[in-house]
Q: 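Quick one: structure below, then a few questions.
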Amino acid sequence: MRAAIGAGGAWRGAAGRGSLPRIMTGSLGKPLVICLGNVVADHTFRVEDIPQPPAKIAARSYSIGPGGMAANAAIAALRLGGRAAFWGRVGDDLNGEPLAAALAAEGVDVTGLRRVPGGRTPVGAVLVDPRGERTIISFRGSGLGTDPGWLPLDKLKGAGALCCDPRWPEGVAAAAAAARAAGVPVVLDGERSETRILVDLVPRVDHAIFSVTGLANFAPGCSPEEGLRRAIASGPVKVAAVTQGEKGVLWLVPGAAKAERIPAFPVEATNTTGAGDVFHGAYALAMAERMPVDQAMRFAAAAGALRARDGATPDRAMVEALLA
Ligand SMILES: Nc1ncnc2c1ncn2[C@@H]1O[C@H](COP(=O)(O)OP(=O)(O)OP(=O)(O)O)[C@@H](O)[C@H]1O
Ligand SMILES: [Mg+2]
């Protein structure tokens, strides 16, 4: 996601370049995807090389904008044709309010984004080299509180899917329970986390979709397929999957003899940051649209590939063109 800092210090998101937030353009009837978890002020530097040993280097370009798993997933669900709401927390520091404004400018409903007094907003420094490979330094925020008591859980009744990342486990536990009670499918981005957090969260969700590192954290020492089996066995999980970058996705359903693989769409990657987040937003939207799982995997893989190719979140027409 690209954005720029405006004169008043607020960021102008991509949707701010002339288009109206979609929430105002006849979005009723589109399924709502609620994304809960992390929003990060991503500072992205394009560099020739990521130096070793440490050195002083000039960046070719710089941008600032909203990142974070759940926030990127919300933007993806929206661009791909849904409505999106973001539930999470920022601090009342210099980064918090512009992040909220940038998400709102994209059309994401931010009434469930809390500004926590005295909190520090999560921040990332993203270094991208000419091959699209990246190094990320992240600060996960502090003083944001863990109590999910203020979440507007009743809104889940009107949602088509809930998409969570593991950065606010108490929030996931509360929202996933309410979603399940309302019959709303829950998708987890099983990203890099402490083992105990993933082991606690996976049985609470319907679709546990890991990154390679996240699956290794969930099931240390297991092969990918064994890790997915362990996720399925841990609770009423309907689908377990691992996204493997340009190797595509491996996924498993209960009772299946073998995991299935969806190959990645071949693209020339320029910036792979957020491909996994976009995959999850697309997959959650597909669940909200009641797409069959194999179709949802292809839809999400196409969205992830376009994000890796362009460094920007695609719209529905672009994904459908690639699928065709
Ligand atoms: N270089 C690529 N070429 C084609 N498809 C890609 C590429 N990178 C990612 N994708 C697609 O997006 C999906 C998610 O990407 P990936 O597995 O890299 O996520 P991740 O490890 O969670 O990373 P992050 O969360 O930082 O984006 C992949 O399974 C694949 O379908
Ligand atoms: Mg990821």
Q: Between T111 and D109, is there a donor-acceptor pair closer than 3.5 Å when you use the side chain of the first and the backbone of the second?
A: no

Q: With hydrophobic residues grouped by side-chain heavy-atom distances under 4.5 Å, do F45 and I136 end up in a single group?
A: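 Not linked; separate clusters.
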
Q: Measure across A240 and A231 and return the closest heavy-atom pair with its distance rounded to 0.1 Å.
A: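 Looks like CB-CB, 3.9 Å.
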
Q: Does V123 belong to the same Ile/Leu/Val/Met/Phe/Trp/Tyr cluster as V116, with side-chain heavy atoms less than 4.5 Å apart forming each link?
A: no

Q: Hey, is CD on E225 packed in by over 12 heavy atoms from elsewhere, all under 6.0 Å?
A: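 Correct, the count exceeds 12.
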
Q: Check whether any side-chain heavy atom of I232 lies under 4.5 Å from a side-chain heavy atom of L228, and answer yes or no.
A: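 No; the side chains remain at least 4.5 Å from each other.
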
Q: Please step through side-chain contact (heavy atoms from CB on, under 4.5 Å) for the pair D189 and V187, ending with a clear verdict.
A: CA-CA 7 Å; D189 184 344; V187 178; over 6 Å; no

Q: Indicate yes or no for a side-chain donor-acceptor contact from D129 to the backbone of R131 under 3.5 Å, with no hydrogens or angles considered.
A: yes

Q: What is the distance from atom CD1 of I197 to atom CD of E191, rounded to the nearest 0.5 Å?
A: 13.0 Å

Q: Give the cluster check for L151 versus V172: same hydrophobic cluster or not, with ILVMFWY residues linked at side-chain heavy-atom distances below 4.5 Å.
A: yes

Q: Determine whether a donor-acceptor pair (N or O, by modelled atom type, separation under 3.5 Å) exists between the side chain of R120 and the backbone of G91.
A: no

Q: Please lay out, stage by stage, how W87 and L113 fare under the test side-chain contact (heavy atoms from CB on, under 4.5 Å).
A: CA-CA 5 Å; W87 291 0; L113 171 58; over 6 Å; no

Q: Check each of W251, Y283, F279 against H207 using the ring-ring contact (aromatic ring centres under 6.0 Å, His included) test, and report the only one that passes.
A: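 Going through W251, Y283, F279 one by one, the ring-ring contact (aromatic ring centres under 6.0 Å, His included) with H207 is satisfied by Y283 alone.
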
Q: Over all heavy atoms of both residues, which pair between M287 and P185 is shortest? Give the atoms and the distance, please.
A: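 Smallest interatomic distance, heavy atoms only, reads CB-CG, 4.3 Å.
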
Q: Which is it for D310 and T270 under the side-chain contact (heavy atoms from CB on, under 4.5 Å) test, yes or no, and what are the steps along the way?
A: CA-CA 6 Å; D310 301 340; T270 62; 5.6 Å; no

Q: Measuring only between side-chain heavy atoms, which start at C-beta, is L252 closer than 4.5 Å to R229?
A: yes

Q: Determine whether L285 and R316 make a side-chain contact, defined as any pair of heavy atoms from C-beta on separated by less than 4.5 Å.
A: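 L285 reaches R316 side chain to side chain.
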
Q: Quick check: do R89 and R115 have side-chain heavy atoms less than 4.5 Å from each other?
A: no

Q: For the backbone of S223 and the side chain of E226, can you confirm whether one donor and one acceptor N or O come within less than 3.5 Å of each other?
A: yes

Q: Quick one: pull up CG in D92 and CZ in R114 and give me the separation to the nearest 0.5 Å.
A: 11.5 Å

Q: Pair N217, T195 - check side-chain hydrogen bond (donor to acceptor under 3.5 Å, both in side chains), show working.
A: CA-CA 5 Å; N217 295 149; T195 299; 5.4 Å; no

Q: Between E260 and M297, does a side-chain contact (heavy atoms from CB on, under 4.5 Å) hold up when you go through it step by step?
A: CA-CA 11 Å; E260 291 196 45; M297 291 287 175; over 6 Å; no

Q: Give a yes or no answer on whether the side chain of R79 reaches the backbone of D315 with a donor-acceptor pair at less than 3.5 Å.
A: no

Q: Applying the 4.5 Å side-chain criterion to the ILVMFWY set and letting contacts propagate, would V293 and V249 be lumped into a single cluster?
A: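 Per the 4.5 Å side-chain linkage, V293 and V249 are co-clustered.
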
Q: At their closest point, which heavy atom of A303 faces which heavy atom of A282, and how far apart are they?
A: CB-CB, 3.8 Å

Q: Could you check whether any side-chain N or O of D206 sits under 3.5 Å from a backbone N or O of V186, counting only pairs where one atom can act as donor and the other as acceptor?
A: yes

Q: For W168, which of L36, N38, L144 qualifies under side chain to side chain contact (heavy atoms under 4.5 Å, CB included)?
A: L36

Q: If only atom types and distance count, is the side chain of R204 paired as donor or acceptor with the main-chain N or O of D200 below 3.5 Å?
A: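 Yes: the side chain of R204 pairs with the backbone of D200.
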
Q: Would you list the pairs meeting salt bridge (Lys or Arg N to Asp or Glu O under 4.0 Å) in which at least one residue belongs to residues 142-169, sequence neighbours left out?
A: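 Counting only pairs at least two positions apart or across chains, no salt bridge (Lys or Arg N to Asp or Glu O under 4.0 Å) contact touches residues 142-169.
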
Q: Keeping the roles fixed (side chain from R46, backbone from S61), state whether a donor-acceptor pair exists under 3.5 Å.
A: no

Q: For residues P130 and R60, determine if any side-chain heavy atom of one lies less than 4.5 Å from a side-chain heavy atom of the other.
A: yes

Q: Any idea which heavy atoms bring G68 and D277 closest together, and the distance?
A: O-OD2, 3.9 Å

Q: Distance from I57 atom CD1 to I50 atom CD1, nearest 0.5 Å?
A: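 If I round to the nearest 0.5 Å, the distance is 7.5 Å.
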
Q: For the side chain of D42 and the backbone of G65, is there at least one donor-acceptor N/O pair under 3.5 Å apart?
A: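 Not confirmed, D42 side chain does not pair with G65 backbone.
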
Q: Do P122 and R140 have side-chain heavy atoms sitting under 4.5 Å apart?
A: no

Q: Does any non-hydrogen side-chain atom of V242 lie less than 4.5 Å from one of V212?
A: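 They are in side-chain contact.
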
Q: Please give me the minimum heavy-atom distance between A302 and V319, naming the atom from each residue.
A: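 Residues A302 and V319, closest heavy atoms: CB-CG1, 3.9 Å.
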
Q: With rounding to the nearest 0.5 Å, note down the distance linking OG1 in T243 to CD1 in I209.
A: 8.5 Å

Q: Mind checking the OG-NE2 spacing from S211 to H280? Nearest 0.5 Å is all I need.
A: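 Interatomic distance, S211 OG to H280 NE2, rounded to 0.5 Å: 7.5 Å.
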
Q: Can the ring centres of F218 and F210 be said to be less than 6.0 Å apart?
A: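 They qualify: ring centres under 6.0 Å apart.
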
Q: Please say whether more than 12 non-hydrogen atoms of neighbouring residues, nucleotides or ligands are located less than 6.0 Å from CZ in R192.
A: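 Counting other residues, nucleotides and ligands, CZ of R192 stays at 12 neighbours or fewer.
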
Q: Would you indicate whether the side-chain heavy atoms of M69 and P166 approach each other to under 4.5 Å?
A: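 Yes. Closest side-chain heavy atoms under 4.5 Å.
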
Q: At their closest point, which heavy atom of L99 faces which heavy atom of P66, and how far apart are they?
A: CD2-CA, 3.6 Å

Q: I need the L32 CG to L162 CG distance, nearest 0.5 Å.
A: 10.0 Å

Q: Report whether V253 and I262 are members of the same hydrophobic cluster (ILVMFWY, side-chain heavy atoms less than 4.5 Å apart, transitive linking).
A: yes

Q: Any side-chain to backbone donor/acceptor pair from R180 onto V205? Under 3.5 Å, distance only.
A: yes

